[in-house]
Amino acid sequence: MKINFSLNGKGTELDVDPMSLALDVIRGLSLTGTKEGCGVGVCGACTIMVNGAPVSSCICLVGTLVDKDVWTIEGLAEKMPELIDSFVENEGMQCGICTPGQIVAAASIDSAGVSTSEEIRKYMAGNLCRCTGYQTIVSAVEDHLAVN
Amino acid sequence: MSERRIDAVAKATGAAKYTADVVLEGTTFAAVKRSDLPSALIEEIDISPAKEVDGVLGVFTAKDLPGGANLYGRRVFDVPILADGRVRRVGDPIAAVVATSREIAEAAAELIEVTYKELTTVATAREAIQPDSPLIHDRPWEYAGAVVTPDSGRNIQSVDSHGSREAAESALRNAVHVIDETYFTPGDHQGYIEPQACIADYHADGSLNVWNTNKSPYRLRDVLSSVFGLDPKKVEIMPTVLGGDFGGKGSPGDAPLCTALSILVGRPVKMVLRYSDDLLSTDGRHSSEIRVRLGIDASGKLVGGIAEALLDGGAYAGFKPVNTVNLHGIVDAAIAYRIPEFFVESKIVYTNNQPKGHMRAPGSPQAAFAFESALDELGRRSGIGPIKIRELNLLSDGDVNPYGSVWLEYRGKEVLSLAMSQPKSVDVPEGWLHGEGVAIYARSMAAVPKTSLRLRRGENGKVIAEVPIPENGAGGQTVVREMIRTGLGISADKIEVNQVSTSLLPTDAGVGGSRVSLGVTVAVANAIKLWKEMPADQEVVEITTDEGSDGPSGAYSAQLARVAVDPMTGQLKVLELISAVDVAEIVNPKAHQMQIDGGAVMGFGFAVMEDLLEEGGQPWALSMGEFKLPNVADIPKLTTALLRGGKGVGPNNIKAVGELTNCPTGAAIANAVEDATGVRIRRLPIRAETIYWGMKEGSAK
């Protein structure tokens, strides 16, 4: 079945089973920055942005993306280089497997009215990191929001 | 001032390639039919429904394995690639499907029917050592690498001990105050976010390329060549980026299975574990039951102690890499203290639970929970107090530790005092009970540089370092870059650090135990020295090192936990966790701090959240929905105080940090809970219900 949506700012038509997972379809397009972690919508490694909101692509059927505005880390890295810089300068990562998901979640904060450290922590609670202890990730998001 | 980490941009933009991201031409996909039962004989395997599925290239059981090779392990070869007539745990692989897609392989695997003859399940370590317990393995001493004998006792994987039991018993009889309590910790999982994954690509000429979520490429190469009788020179472990490790990625993972399947189908075979299968079928932290007895004289000085640990090793011993097939953190339980007579025994047994292996400071979180809780209890019950008893008994310069070793320095008293003196900033919720607790952890360290590397001239004045180690996140490759940058006085953008595949360098011992910062740096320093002396027309220096230097010495941490408990419900809030850490020089301050913070958060998870819920031979926490890891909103305020000026090891004069702050946290929080409520918790994780019933019944739990 043909489905149409905007992917990283470009109109995209795919011939796929609408019941496929968005995660698998996106990774199948060589956009492997979106990672498979827990597979049950808990860890956040597979986060994509759908109409401005963070969504776990591992529990999202690709058919639900029809006509939506979808962004992955690859597109956001080009669109929001200052956010990438903020994570790089703060070293908001160690192993890096959760990092794209953290950044996609952070990229969606602008529209959510989040600014204090506590609000950031609540907003980012859906993105697990096992390495860093979270401090550098929170700093990266704080820096990003302070600049914007 | 150091530069930002070498892998930051690739990781932040999603460009970094992990094992699951690698796509080979003609790749096939594997899925496994796993055992539903913890203990059973296999009477029949019906693979025919799976074979008929469109897109299935082959379905294989143990009898199909090439050359009859089946058993593998890190030291003891007792883990079957595919179950041969018997399953010993839920999740044992019984049959493997290879198909043109992952989904087809998984759907086909579900069609495989297994008929079992159920056997009695041995669900706990305590059951396993009873004289009438069923045997998990009939003749475990016959496995290659086994350390047990027919006289070792029932279901034993290994026993390690130190000291004289008789002398310690005698010292305890003469003590004025004695504590004698038993502490329990659950099975845990490393919780890396990247599930284990593997691609094996075997060629008709006998060569094999493997991409695997593995941090010890040279050991993996040796295991695979030994299992399949391959020439090690033709086994190529390819570079990869690891999405978290914490000990779990030292195991061969599914490389033996994928290699067998690639030999059988003649194409590359890829397998990426679903996370539920990762929780079910890899090798997490041993659950423990540790009885601790400690005795003091009238002045509060320790006169003797005995620690007896019984650990659940699960169905296989093959995931423990060290020669003792044990966990050094257990035997080292008393390493920070002066105890004239200390006996410790660590007994690891076979059960029908998941096999266990190494997880961040193997054995230490369990041992530190037991020992630092018992010491705290002794301090409180004797009236000496939990702080004073530590101050009286921590080792001082010139002392010999209970293992007969003299460290360059002992900084236990200093880290304790530093942790105690930090300002406290989080308010206690109104009406809640407040408590504070401390715990100390120390570990020995030495530079053990069994490794090799190469420096090569690149274009435009670049220096390219070729290293044998993957980046597991801790920042080892950045440490190498920083040494070259400062050693040669060139800018960071003129340096590349690349992991190369196993045939391109002679040897390495793998990442782990802070070995990169302490040991690999010895080789880097030697290579830089050679580079500086090298003639202008020379392009390359290569170095292999195998000699230790410095030490023995140690590194300390002390943690102070502040908790609040709701007196109505028992709900526990850890308000803040203050970590005082013993350091010498620091190569990369941000990475160093993340090792401290990440460790503290992992210790917090172990203390109050994580539990595989192993019961009746079945782990019940099989997704991250049930197996909860701390998120950013769960965690307490983290404060770090660095005790600078220590005497480090290696060319950078540094101390190990990666496994310091995850170990004392369980005891620090449990000690704080007693301070707040009077309830002594002797079982992790600490749950609100347990505190509630403890407060209601006025008893320990």
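Below, read A as the first sequence line, B as the second, and so on, with proteins coming before strands; counting in each chain starts at 1.
- Top candidate by heavy-atom pairs under 4.5 Å with chain B, chosen from A:E74, A:K122, A:E36, is A:E36.
- B:K637 contributes atom NZ, which lies 8.5 Å from atom CD of A:Q135 (distance to the nearest 0.5 angstrom).
- Residues B:N588 and A:E91 form a side-chain contact, since some pair of their non-hydrogen atoms from C-beta on lies under 4.5 Å apart.
- Side chains of B:E103 and A:D24 form a contact here, defined as non-hydrogen atoms less than 4.5 Å apart.
- Only the side chain of A:V40 comes within less than 4.5 Å of a heavy atom of chain B; its backbone N, CA, C and O stay farther away.
- Panel note: side chain B:K11, backbone A:M93; no donor-acceptor pair is recorded below 3.5 Å.
- Contacts of A:I103 with chain B are made by side-chain atoms alone, with heavy-atom separations under 4.5 Å and no backbone atom involved.
- At a threshold of 4.5 Å between non-hydrogen side-chain atoms, the residues B:M594 and A:T136 count as touching.
- Residues A:C131 and B:F246 meet the side-chain proximity criterion, which asks for heavy atoms closer than 4.5 Å.
- Heavy-atom distances place no part of A:Q102 under 4.5 Å from chain B, backbone and side chain included.
- Among B:A591, B:A600, B:G243, the residue with the largest count of heavy-atom pairs under 4.5 Å with chain A is B:G243.
- Around the CD atom of A:E78, the shell of radius 6.0 Å holds no more than 12 heavy atoms that belong to other residues, nucleotides or ligands.
- Looking only at side-chain heavy atoms (C-beta outward), A:R27 and B:V23 stay at 4.5 Å or farther from each other.
- Taking a 6.0 Å sphere around CG of B:D54, one finds it holds 12 or fewer heavy atoms contributed by other residues, nucleotides or ligands.
- In this structure, CG on B:D597 lies 9.0 Å from CD on A:Q94, to the nearest 0.5 angstrom.
- In this structure, chain A has heavy atoms under 4.5 Å from both the backbone and the side chain of B:E194.
- In this structure, the side chains of A:Y134 and B:N631 come closer than 4.5 Å at one or more pairs of heavy atoms.
- Among B:A10, B:G473, B:G599, the residue making the largest number of heavy-atom pairs under 4.5 Å with chain A is B:G473.
- B:E25 CD: 12 or fewer foreign heavy atoms inside a 6.0 Å radius.
- Each of A:C95, A:G33, A:G133 has some count of heavy-atom pairs under 4.5 Å with chain B, and the biggest count is that of A:C95.
- Not a single donor-acceptor pair under 3.5 Å links the side chain of A:R130 to the backbone N or O of B:G244.
- A:T32 and B:K17 form a side-chain donor-acceptor contact under 3.5 Å, judged by distance and modelled atom types alone.
- Distance CD1/A:I97 to OH/B:Y192: 12.0 Å, rounded to 0.5 Å.
- Looking only at heavy-atom pairs under 4.5 Å with chain A, the residue among B:V272, B:D245, B:D21 that has the most is B:D21.
- A:V138 is listed as a side-chain neighbour of B:V632, based on a closest heavy-atom distance under 4.5 Å.
- Contact count versus chain A (heavy atoms, under 4.5 Å) is highest, among B:I193, B:V9, B:D634, B:L638, for B:I193.
- Electrostatic pairing of B:R4 and A:E89 counts as a salt bridge here, judged by a charged N lying under 4.0 Å from a carboxylate O.
- For the pair A:I73 and B:T13, the minimum side-chain heavy-atom distance is 4.5 Å or more.
- For the set A:A77, A:C38, A:P100, the entry with the most heavy-atom pairs within less than 4.5 Å of chain B is A:C38.
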